[in-house]
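Accompanying notes for the structure given below.
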Amino acid sequence: MNAVGPKLVIATHNEGKLREIRALMAPFGIECLGAAELDLPEPEETGTSFVANAELKARAAADLAGLPALSDDSGLSVDALNGEPGIHSARWAEDEAGKRDFGHAMQKVEEALQAAGPESGRDAHFTCALSLAWPDGRIESFEGKVFGHLVWPPRGDNGFGYDPVFVPHGHEETFGEMEPAAKHAMSHRAKAFEQLVQWLAT
Ligand code: ITT
């Protein structure tokens, strides 16, 4: 049995992710500390994959806090845009001053899709890489994906980021319209989390 408790750093500065990871962790009775609570800096994401970026965030937090740390690197990949924004999903939302606006990011994705033309389709998927790092150097990573299509205009105020334009396959509501529990039952984050939990149980 692999163990992480009793305290785990959730190595993210994104409140939407923190809320979802806390909900997924709730049944396990582990005290979750957010990176902001511990005043941890945001490391520069220099990796070229979701897993590489998740690993550098988890490693930095575990080393600084001296506690096990769980990080999340995630994003939206659009088929017609050769997988962009992908690992650059947060950057697509930044204005010239570096402030994030996901209304702006969704608009940019829509404009790029329109430019690609209708024959390119509107298929997209979310990916989530979760990495769990320990202060002693151990690190484990897990990846989950959810496939669907993009709609326009954005719909719903739940979730965060690109949720209002993403409809998972087999559903009609966007992640922004779904109740949080419905998103947690099928999301990229939930799928990565399932693998993490299975690994913890081995
Ligand atoms: P941390 O690095 O501090 O965790 P971040 O927001 O910078 O926070 P990422 O680099 O992983 O995180 O950026 C991924 C972006 O992709 C994120 O800002 C979201 O807007 C978007 N994203 C990730 N998961 C999402 C989800 O479940 N629903 C909607 N958008 C999501």
Side-chain angles (χ1 to χ4, degrees), residues 9-24 32-61 64-65 69-78 81 83-95 98-109 124-133 141 143-148 150-151 154-168 171 173-193:
V9 179
I10 310 300
T12 179
H13 289 81
N14 179 317
E15 281 181 24
K17 285 184 187 178
L18 183 60
R19 195 168 56 237
E20 292 192 2
I21 293 171
R22 277 194 200 280
L24 290 163
C32 294
L33 308 166
E37 273 170 72
L38 297 175
D39 226 5
L40 296 178
E42 268 189 81
E44 205 190 329
E45 296 185 21
T46 51
T48 54
S49 67
F50 291 108
V51 168
N53 281 330
E55 291 196 342
L56 67 85
K57 291 188 272 191
R59 169 55 47 221
L64 283 169
L70 175 65
S71 70
D72 170 315
D73 200 68
S74 42
L76 177 73
S77 302
V78 182
L81 308 181
E84 284 293 307
I87 61 167
H88 307 117
S89 291
R91 228 163 289 161
W92 272 47
E94 286 176 4
D95 63 19
K99 199 173 166 294
R100 289 183 189 174
D101 174 349
F102 282 93
H104 172 62
M106 289 185 283
Q107 180 90 46
K108 264 169 74 176
V109 168
H125 63 273
F126 275 117
T127 304
C128 173
L130 293 176
S131 294
L132 194 49
S141 296
E143 197 173 76
K145 293 180 195 252
V146 60
F147 293 84
L150 299 180
V151 294
R155 306 193 318 241
D157 298 322
N158 291 335
F160 65 97
Y162 297 89
D163 280 342
V165 289
F166 183 81
V167 176
H171 295 264
E173 290 184 314
T174 66
F175 271 171
E177 292 173 305
M178 283 183 190
E179 289 303 319
K183 181 182 173 190
H184 295 165
M186 70 182 90
S187 78
H188 47 313
R189 188 159 292 106
K191 287 180 179 164
F193 197 79

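As the structure lists them, so they are numbered: ligands from 1, and atoms in each ligand from 1.
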Selection from Ser89, Ser187, Ala11, Gly16 by shortest heavy-atom distance to atom 15 (C) of ligand 1 = Ser89
re atom 28 (N) of ligand 1, the protein heavy-atom contact at minimum distance is Asp163 OD1, 2.6 Å
Which word best sums up how the rings of Phe175 and Phe166 line up, parallel for under 30°, tilted for 30 to 60°, or perpendicular for over 60°?
-> tilted
Close-contact set for ligand 1 against Glu45 heavy atoms, below 4.0 Å = 2 (O), 7 (O), 10 (O)
Taking atom 22 (N) of ligand 1 as the reference point, the nearest protein heavy atom with its distance = Phe160 CE1, 4.0 Å
Flag side-chain contact, heavy atom, 4.5 Å: Glu84 against Val78 = no
Do Thr127 and His188 pass the side-chain contact (heavy atoms from CB on, under 4.5 Å) test, and can you show the C-alpha distance, the side-chain angles, and the key distance before you say yes or no?
-> CA-CA 6 Å; Thr127 304; His188 47 313; 5.7 Å; no
How about Asp157: does its CG atom have over 12 heavy atoms from other parts shown lying under 6.0 Å from it?
-> no
Around atom 17 (C) of ligand 1, find the nearest protein heavy atom and jot down its residue, atom name and distance.
-> Asn14 ND2, 3.8 Å
Pick, from Arg100, His13, Lys17, Glu15, the option with the minimum heavy-atom distance to atom 7 (O) of ligand 1.
-> Arg100
Contacting atoms of ligand 1, where contact means under 4.0 angstrom from a heavy atom of Thr12 = 1 (P), 3 (O), 4 (O), 8 (O)
Do me a favour and list the nearest non-hydrogen protein atom to atom 13 (O) of ligand 1 with residue, atom name and distance?
-> Ala90 CB, 3.5 Å
Below 4.0 angstrom from a heavy atom of Gly75, which ligand 1 atoms are there? Numbered from 1 as shown, please.
-> 16 (O)
Step-by-step side-chain contact (heavy atoms from CB on, under 4.5 Å) determination, Asp72 to Cys128 | CA-CA 7 Å; Asp72 170 315; Cys128 173; 3.3 Å; yes
So, do Lys183 and Glu20 sit near enough that their side-chain heavy atoms are less than 4.5 Å apart?
-> yes
Is it true that the side chains of Glu55 and Ser141 contain a donor and an acceptor less than 3.5 Å apart?
-> yes
Phe102 and Phe160: aromatic ring centres closer than 6.0 Å?
-> no
Region of Phe126 that comes within reach of ligand 1 [heavy atoms, distance under 4.0 Å] | side chain
Atom indices of ligand 1 within 4.0 angstrom of Asp72 heavy atoms, with elements = 4 (O), 11 (O)
Which of the atoms of ligand 1 are close to Phe102, meaning less than 4.0 Å from one of its heavy atoms?
-> 18 (O), 20 (O)
In this structure, atom 2 (O) of ligand 1 is nearest to the protein heavy atom Lys57 NZ, 2.7 Å
Please name the residue in the list Glu177, Met178, Arg155 that meets the side-chain contact (heavy atoms from CB on, under 4.5 Å) test with Val167.
-> Arg155
Against heavy atoms of Arg189, which atoms of ligand 1 measure under 4.0 Å?
-> 23 (C), 24 (N), 25 (C), 26 (C), 27 (O)
Nearest-contact summary for atom 27 (O) of ligand 1 - protein heavy atom, Å = Lys183 NZ, 2.7 Å
Which of the numbered atoms in ligand 1 are below 4.0 angstrom from a heavy atom of Ser74?
-> 11 (O), 13 (O), 14 (C), 15 (C), 16 (O), 23 (C), 24 (N)
Taking atom CD of Glu15 as the centre, does the number of heavy atoms from other residues, nucleotides or ligands within less than 6.0 Å exceed 12?
-> no
With a cut-off of 4.0 Å, which atoms of ligand 1 are near a heavy atom of Asp73?
-> 9 (P), 10 (O), 11 (O)
The closest protein heavy-atom partner of atom 21 (C) of ligand 1 is Tyr162 CD1, 3.9 Å
Got a sec, which residues hit salt bridge (charged side-chain N to carboxylate O under 4.0 Å, His left out) with Asp73, two or more places apart in sequence or on another chain?
-> Lys57
